[in-house]
Amino acid sequence: QVQLVQSGGGLVQAGGSLRLSCAASGRTFSGYSMGWFRQAPGKEREFVGAINWNSGITSYADSVKGRFTISRDIAKNTVYLQMNSLKPEDTAVYYCATGGVVDSKAYIRRNVNEYGYWGPGTQVTVSS
């Protein structure tokens, strides 16, 4: 019922920045948890951060805290992942996801199995 369209990603040198976008097609994000995950070769998909659409409250993995920022544009029904001070270890395929159901304003989904709808992913490669 929810289609997520991603944009952004690409190649960047260490210390650089990228901004990823994730927009809903056909449905609004209103009330949903919107998460960002990443998966590097040979590793499990890991939580990067998430935002509660209703409240704007965010949560981040310790590995990206202070460097990555999640924001939303309500009018555009789009969520962003601003990635600053990128490191080679940030190299991965980045996915946006939504739970597809309304969450309370205080709840942040952090687990892969809490998300039912996923974007196609976009490659982020950080060179040293």
Side-chain angles (χ1 to χ4, degrees):
Q1 300 186 74
V2 179
Q3 184 176 358
L4 304 180
V5 180
Q6 295 187 228
S7 62
L11 303 174
V12 65
Q13 291 186 331
S17 299
L18 285 173
R19 188 176 75 164
L20 307 183
S21 299
C22 178
S25 178
R27 293 190 66 179
T28 179
F29 289 143
S30 181
Y32 297 171
S33 293
M34 293 298 306
W36 287 96
F37 293 79
R38 65 187 182 186
Q39 188 166 22
K43 297 183 179 180
E44 295 184 347
R45 191 167 299 185
E46 66 174 349
F47 175 78
V48 174
I51 186 168
N52 182 293
W53 192 263
N54 282 342
S55 66
I57 294 175
T58 54
S59 180
Y60 301 94
D62 289 340
S63 60
V64 306
K65 197 171 297 181
R67 299 188 298 119
F68 292 8
T69 303
I70 298 172
S71 61
R72 73 199 196 282
D73 187 323
I74 297 175
K76 295 181 178 179
N77 204 33
T78 300
V79 63
Y80 303 96
L81 178 65
Q82 178 66 47
M83 304 183 292
N84 298 325
S85 301
L86 283 163
K87 306 174 181 179
E89 51 263 44
D90 294 319
T91 296
V93 176
Y94 282 72
Y95 300 88
C96 67
T98 182
V101 296
V102 177
D103 289 328
S104 67
K105 294 181 178 180
Y107 187 72
I108 299 293
R109 299 181 178 221
R110 297 177 61 92
N111 297 315
V112 171
N113 59 11
E114 292 184 292
Y115 290 86
Y117 301 93
W118 295 83
T122 187
Q123 178 70 45
V124 172
T125 302
V126 184
S127 62
S128 60

For the atom pair [atom1] ([X]) and [atom2] ([Y]), what is the distance rounded to the nearest 0.5 Å?
X: Met34; Y: Ile70; atom1: CE; atom2: CD1; value: 9.5 Å
X: Cys96; Y: Tyr117; atom1: SG; atom2: OH; value: 14.0 Å
X: Asn54; Y: Ile51; atom1: CG; atom2: CD1; value: 10.5 Å
X: Trp53; Y: Thr98; atom1: CH2; atom2: OG1; value: 9.5 Å

For [X], what residues pass the side chain to side chain donor-acceptor pair (under 3.5 Å) criterion, not counting sequence neighbours?
X: Asp103; answer: Ser33, Arg109
X: Arg110; answer: Ser59
X: Ser85; answer: none
X: Thr125; answer: Gln123

Original post:
For residues 44-76, which residue pairs qualify under disulfide (SG to SG under 2.5 Å), counting only residues two or more places apart or in two chains?
Top reply: none
**OP:** Hey, could you give me each pair passing disulfide (SG to SG under 2.5 Å) that has a residue in residues 97-128? Not counting sequence neighbours.
**Re:** none
Subject >> Any pair counted as salt bridge (charged side-chain N to carboxylate O under 4.0 Å, His left out), so long as it reaches residues 40-53, sequence neighbours left out >> reply: Arg38-Glu46
Original post:
Can you list every salt bridge (charged side-chain N to carboxylate O under 4.0 Å, His left out) pair that touches residues 70-80, not counting sequence neighbours?
Top reply: none
Original post:
So, the side chain of Gln6 versus the backbone of Gly121: is there a donor-acceptor pair under 3.5 Å, distance only?
Top reply: yes
Path from [X] to [Y] over hydrophobic side-chain contacts below 4.5 Å:
X: Val124; Y: Val64; answer: yes
X: Leu86; Y: Val93; answer: no
X: Tyr95; Y: Tyr60; answer: no
X: Val79; Y: Leu4; answer: yes

Original post:
Taking only residues two or more places apart in sequence, or in another chain, which ones meet Ser55 in a side chain to side chain contact (heavy atoms under 4.5 Å, CB included)?
Top reply: Asn52, Ile57, Lys105
**OP:** Write down the atom of Ala40, the atom of Ala92, and the distance for their closest heavy-atom approach.
**Re:** N-CB, 3.8 Å
**OP:** Quick one: closest heavy-atom pair of Ile108 and Ala50, and the distance?
**Re:** CG2-CB, 3.8 Å
List the atom pairs, donor and acceptor, that lie under 3.5 Å between side-chain atoms in residues 13-26 and the rest of the protein, sequence neighbours left out.
{"from": "Ser17", "atom 1": "OG", "to": "Asn84", "atom 2": "OD1", "distance (Å)": "2.8"}

Original post:
Does Trp36 have any ring-ring contact (aromatic ring centres under 6.0 Å, His included) partners at least two apart in sequence or in another chain, and if so, which?
Top reply: none
Original post:
Considering residues at least two apart in sequence or located in another chain, which fulfil the ring-ring contact (aromatic ring centres under 6.0 Å, His included) criterion with Phe37?
Top reply: Phe47, Tyr115, Trp118
Original post:
Does a salt bridge link Lys65 with Asp62, judged by any charged N lying under 4.0 Å from a carboxylate O?
Top reply: yes
